[in-house]
Number of protein chains: 2
Amino acid sequence: MKTEEISRVLFEKGLKVTPQRIAVYEAVARLNNHPTAESIIKYIRKTYPNISTATVYKVLDAFTEKGLVNRVKTEKDMMRYDAVLESHHHLYCSETDRIEDYHDEQLDNILKNYFEEKGISDFKVEDIKLQIVGKFLKS
Amino acid sequence: MKTEEISRVLFEKGLKVTPQRIAVYEAVARLNNHPTAESIIKYIRKTYPNISTATVYKVLDAFTEKGLVNRVKTEKDMMRYDAVLESHHHLYCSETDRIEDYHDEQLDNILKNYFEEKGISDFKVEDIKLQIVGKFLKS
DNA sequence: TGTCAAAAGAGAATCATTCTCTTTTATAAA
DNA sequence: TTTATAAAAGAGAATGATTCTCTTTTGACA
Ligand SMILES: [Mn+2]
Ligand SMILES: [Mn+2]
Ligand SMILES: [Zn+2]
Ligand SMILES: [Zn+2]
């Protein structure tokens, strides 16, 4: 996504357009493996050495609030962020912190149909994600 | 699970049987809604007022290591624990921190068959859980 | 019963995240 | 354009869940 487009999205969400916000958005999108705040800050500082930690956290909160990024659920203490907005699933490595996206339209349809028919009593489903835990082969 | 049985399980896992460990196990099992360390400590102190915070954390780590409890993935800073060992899914409230179990054998079979046939390239699946986000109706 | 490695306890330390306060800036009105 | 101003950024302190360190206690086994 180019800078101009990011600006437009920020504006549309009612967020002031600042260089810091553009940098944070670019970082999360570029570091496309569900980065921590720490790795986002590290990445941004390569080209913007003085950005404040607090700013990054505040921007990430604002983005989460507005649905511009999502938090990824983990069992760890450090939050992770995701710029991929379309609902998708995650492959979690059972040995490392690696998390990869898993998109599968066929699976989504199966789940959608299953829950449309079956439902869950006393619960209104808004989103369904799979956490697929295992080991990455190769790489 | 009665005390004697907990003792047996601890022994089988190679863990020394201590009153603290039994208390922690009982707390996690009794507080069956994926409690935080804080709520576990609070619960235990009602009958065991002097247990140390560090002990509870260390016991929870040991239990996690040995597979006696599981950590539950969330988007929050506080870890949550689960004494239900059989693989199951979770209903997450999108407004509160409530997390409930969702067991569904039929669904498990569908998923099992789906992934047995389709597989995921370069990934060996060990476990699949659904995070079902939405709203609890009533209660 | 004595031995001893493991566990518990107390409290300090850690560190990811949040907060507070000041300065800067994006935005829009004049 | 300049100006006003609320919002955002920055610096650094504070917070709080969790971990660590060190000492004391204890469960397990001989
Ligand atoms: Mn914290
Ligand atoms: Mn923390
Ligand atoms: Zn993702
Ligand atoms: Zn559960």
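Numbers restart at 1 for each chain; the letters A, B, ... are given by sequence-line order, proteins then strands. Remember, it's a predicted structure, so these values are computed and weren't measured experimentally.
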Parallel, tilted or perpendicular, as decided by the 30° and 60° cut-offs, for the rings of B:Phe115 and A:Tyr102: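 A:Tyr102 and B:Phe115: tilted rings.
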
Nucleotide [N], atom [atom2] - distance to [atom1] of [X] in whole Å:
{"X": "A:Arg71", "N": "C:dA16", "atom1": "CZ", "atom2": "P", "value": "16 Å"}
{"X": "A:Met79", "N": "C:dT18", "atom1": "CE", "atom2": "P", "value": "7 Å"}
{"X": "A:Leu10", "N": "D:dA8", "atom1": "CG", "atom2": "P", "value": "11 Å"}
{"X": "B:Asp61", "N": "D:dC20", "atom1": "CG", "atom2": "P", "value": "9 Å"}
{"X": "A:Phe11", "N": "C:dA26", "atom1": "CZ", "atom2": "C1'", "value": "12 Å"}
{"X": "A:Glu65", "N": "C:dT18", "atom1": "CD", "atom2": "P", "value": "13 Å"}
{"X": "A:Ile41", "N": "C:dT18", "atom1": "CD1", "atom2": "P", "value": "11 Å"}
{"X": "B:Met78", "N": "C:dT17", "atom1": "CE", "atom2": "P", "value": "15 Å"}

Close side-chain approach of A:Asp104 to A:Leu130, heavy-atom, < 4.5 Å: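 No. Closest side-chain heavy atoms not under 4.5 Å.
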
Side-chain heavy atoms of B:Leu137 within contact of A:Lys124, under 4.5 Å: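 Yes, close enough: below the 4.5 Å cut-off.
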
Residue pair B:Lys73, B:His90: steps toward the side-chain contact (heavy atoms from CB on, under 4.5 Å) verdict: CA-CA 10 Å; B:Lys73 290 182 171 60; B:His90 286 126; over 6 Å; no

Of the listed nucleotides C:dA28, C:dT18, D:dT19, the one nearest the side chain of A:Tyr57: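 Within the option list, the nearest is C:dT18.
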
Heavy-atom pair with the smallest gap, counting every atom of B:His89 and B:Asp108: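 Heavy-atom minimum between the residues: NE2-OD1, 2.7 Å.
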
Closest non-hydrogen atom pair, B:Ser94 against B:Val133: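 Closest approach of B:Ser94 to B:Val133: CB-CG1, 3.8 Å.
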
Sequence-aligned protein contact record of nucleotides 3-11 of chain C, with B where the base is within under 4.0 Å of a protein heavy atom and S where only the sugar-phosphate is: --BBSBBBB

B:Glu12, CD atom: more than 12 neighbouring heavy atoms under 6.0 Å: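 Atom CD in B:Glu12 is packed in, count exceeds 12.
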
Proximity to DNA chain D (any heavy atom under 4.0 Å), residues of residues 23-37 of chain A only: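 DNA chain D contact set from residues 23-37 of chain A: none.
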
Single-linkage hydrophobic cluster, 4.5 Å side-chain cutoff, B:Leu68 and B:Val84 together: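 No.
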
salt_bridge(B:Arg8, B:Glu5) N-O dist < 4.0 Å: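 Yes, charged N to carboxylate O under 4.0 Å.
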
